[in-house]
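All ligand and atom numbering here is 1-based and tracks the order in the structure. Since the model is a prediction, treat every value here as computed from it, not as a measurement.
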Amino acid sequence: MTPNEKPKRESRKAGPRRRRPGFQMRISTKYAPRKPGVGQERSCIADTTLTHQQLLELYRYLKLTRLVEERIVNLYRQTKVVGGVYRSLGQEATAVGSAYALRPDDFITPIIRDLGAVFVKGIRPREILAQYMAKAWGPSGGKDLNVHFGYLDKGFIGPISHLGDMIPVMTGILLGARLQKKDIVGLAYIGDGGASTGAFYEGMNFAAVQRLPLIVIAEYNHYAYSTPTNLQTAVRNLAERAAAFGIPGHIVDGNDVVACYEVTKKAIDYARKGQGAVLIEAKTYRRKGHAEHDDQRYVPEGEIEWWEKHNDPIDRFEKFLLDRKVTTKEKLEEITADVMREIDEDSEWAESSPMPEPEGAAYGVFDNSIVPPALRPKVLES
Ligand SMILES: Cc1ncc(C[n+]2csc(CCOP(=O)(O)OP(=O)(O)O)c2C)c(N)n1
Ligand SMILES: [Mg+2]
């Protein structure tokens, strides 16, 4: 070959060209939020496989989530709550609708705005109320707060505070389940802020390359603490990141409980068949501050009121249920009254619990057969 001669391109071998699976951008916007027509109010998608009974159960979970959170705020104002109070006001449909698509043996890793998913997993309001008040009868016996507890037998993993870290944890659980030949799927929730952390990328990448049945619900609720989402990520849709992992992405209207159920159900079927991980972005809005102490002074005027008036997930679902004649207004009031009764009863139970004994703090943290309790009797007696 002379210096001016170009090297010949090797001709491609005969036979069909192999496409790398999942490499192209695959974002479905079938369940994305749509603007209502002029003079129309928002409702939910009409195309659903849910029965009337299941729809009413969804309604119950939505009301339970909202009303338990309202009760917690009440207790907080009476100084009975230890620590912060984190609301999911305005985004209850995302957690409830997605978790409702799971099988009882599937796993979830919720974060602070996913109380609805915790209820769907079978946790009772009394446990949440006692936990918020750091009571001895609460699930962590006063050792931790809010949703920071877990029940392995219910497939509910208590969250680690570090944002993003539940993604690799869930990935590990699913790898373990595969080795044990279990066909469970894992539903991990992440905020829009948390989806910008390194742990999120590492966990997603590993799950994608191993084709693990991981479904991630990325909650685009417009804020991370006081930072608007467009100031902490340059992507417009979090689902676009699915392309970086070679997995499918979906955008769903996070305030439409029926759409959240349907898109998650579709992702679960895909993942359980062995096709791998899925990223679902739920478009929603955080109507309260990061926690109850946050006065939201950084939020533009009128923004919260707009979402409350035009895009409340419970209002929308009520409209859907009544317009489609699934039920009557009276039946919905009956469900709400029943939820209130349960909350009253459970609040009483939680308030009647004693506070934990101080010595208890030394136990259940480390394996005390290997590490002696930190608070030895000598220290406690002095
Ligand atoms: C690695 C890490 N950085 C910072 C924090 C502090 N922190 C807790 S919640 C939060 C904001 C979370 O925002 P987002 O992920 O959007 O979830 P949202 O609260 O909106 O549901 C921050 C910064 C943390 N827990 N972990
Ligand atoms: Mg957020």
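- The side chain to side chain donor-acceptor pair (under 3.5 Å) analysis of residues 41-56, with sequence neighbours excluded, yields the pairs Thr48-Glu262, Thr49-Glu262, Thr51-Gln54.
- Screening Arg286, Glu69, Arg113, Glu219 for a side-chain hydrogen bond (donor to acceptor under 3.5 Å, both in side chains) with Ser88, the sole residue that qualifies is Glu69.
- Of all atoms in ligand 1, listed by their number and element, those nearer than 4.0 Å to a heavy atom of His290 are 9 (S), 10 (C), 19 (O).
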Exercise. Step by step, work out the side-chain contact (heavy atoms from CB on, under 4.5 Å) result for Tyr285 and Asn311.
Key: CA-CA 9 Å; Tyr285 184 79; Asn311 206 340; over 6 Å; no
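- Both the backbone and the side chain of Ala224 come within 4.0 Å of ligand 1, counting heavy atoms alone.
- Electrostatic pairing of Arg341 and Asp344 does not count as a salt bridge here, judged by no charged N lying under 4.0 Å from a carboxylate O.
- Geometrically, Lys154 engages Tyr151 in a cation-pi contact defined by less than 6.0 Å to the ring centre and at most 45° from the axis.
- For a threshold of 3.5 Å applied to N or O pairs, the pair formed by Leu163 and ligand 1 contains at least one separation below that value.
- Using a distance-only test at 3.5 Å, with no hydrogens or angles considered, a donor-acceptor pair links the side chain of Lys135 to the main chain of Ser353.
- Remark: ligand 1 atoms within the under-4.0 Å shell around heavy atoms of Gly193 are 14 (P), 15 (O), 16 (O).
- Heavy atoms of Thr197 stay at 4.0 angstrom or farther from ligand 1.
- Atoms of ligand 1 found under 4.0 Å from any heavy atom of His162, numbered from 1 in the order shown, are 26 (N).
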Quiz item: Passes side-chain contact (heavy atoms from CB on, under 4.5 Å), Val278 versus Val216? Steps please.
Solution: CA-CA 6 Å; Val278 182; Val216 172; over 6 Å; no
Exercise. Start with the C-alpha distance between Phe149 and Phe156, add both sets of side-chain angles, then the distance that settles ring pair (Phe, Tyr, Trp, His ring centres under 6.0 Å), and finish with yes or no.
Key: CA-CA 9 Å; Phe149 68 97; Phe156 164 43; 5.2 Å; yes
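- Taking the charged nitrogens against the carboxylate oxygens, Asp114 and Lys121 have no contact shorter than 4.0 Å, which rules out a salt bridge.
- Nearest to atom 16 (O) of ligand 1 among the protein's heavy atoms is Asp192 OD1, 2.4 Å.
- Looking only at protein heavy atoms, the nearest one to atom 7 (N) of ligand 1 is Tyr225 CE1, 3.7 Å.
- Here the protein heavy atom with the shortest distance to atom 25 (N) of ligand 1 is Ser161 O, 3.0 Å.
- Each of the atoms 14 (P), 15 (O), 16 (O), 17 (O) of ligand 1 lies under 4.0 Å from some heavy atom of Gly191.
- Geometry about the Mg ion (ligand 2) gives an angle of 100° between O of Tyr223 and OD1 of Asp192, rounded in steps of 10 degrees.
- For a threshold of 3.5 Å applied to N or O pairs, the pair formed by Gly194 and ligand 1 contains at least one separation below that value.
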Exercise. Determine, stepwise, if the pair Arg60 / Glu342 fulfils side-chain contact (heavy atoms from CB on, under 4.5 Å).
Key: CA-CA 12 Å; Arg60 189 173 201 288; Glu342 185 181 358; 3.1 Å; yes
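- Note on Thr229: not counted as a metal contact of the Mg ion (ligand 2), no N/O/S atom lying under 2.8 Å.
- Geometrically, ligand 1 and Arg113 share a nitrogen or oxygen pair separated by less than 3.5 Å.
- Only the backbone of Tyr223 comes within 4.0 Å of ligand 1, counting heavy atoms alone; no side-chain atom from C-beta on gets that close.
- Considering backbone and side-chain N/O atoms, Gln91 never comes within less than 3.5 Å of an N/O atom of ligand 1.
- On a distance-only criterion, Asn221 and ligand 1 share at least one N/O pair closer than 3.5 Å.
- Arg316 and Glu318 are not joined by a salt bridge, as no carboxylate oxygen comes within less than 4.0 angstrom of a charged side-chain nitrogen.
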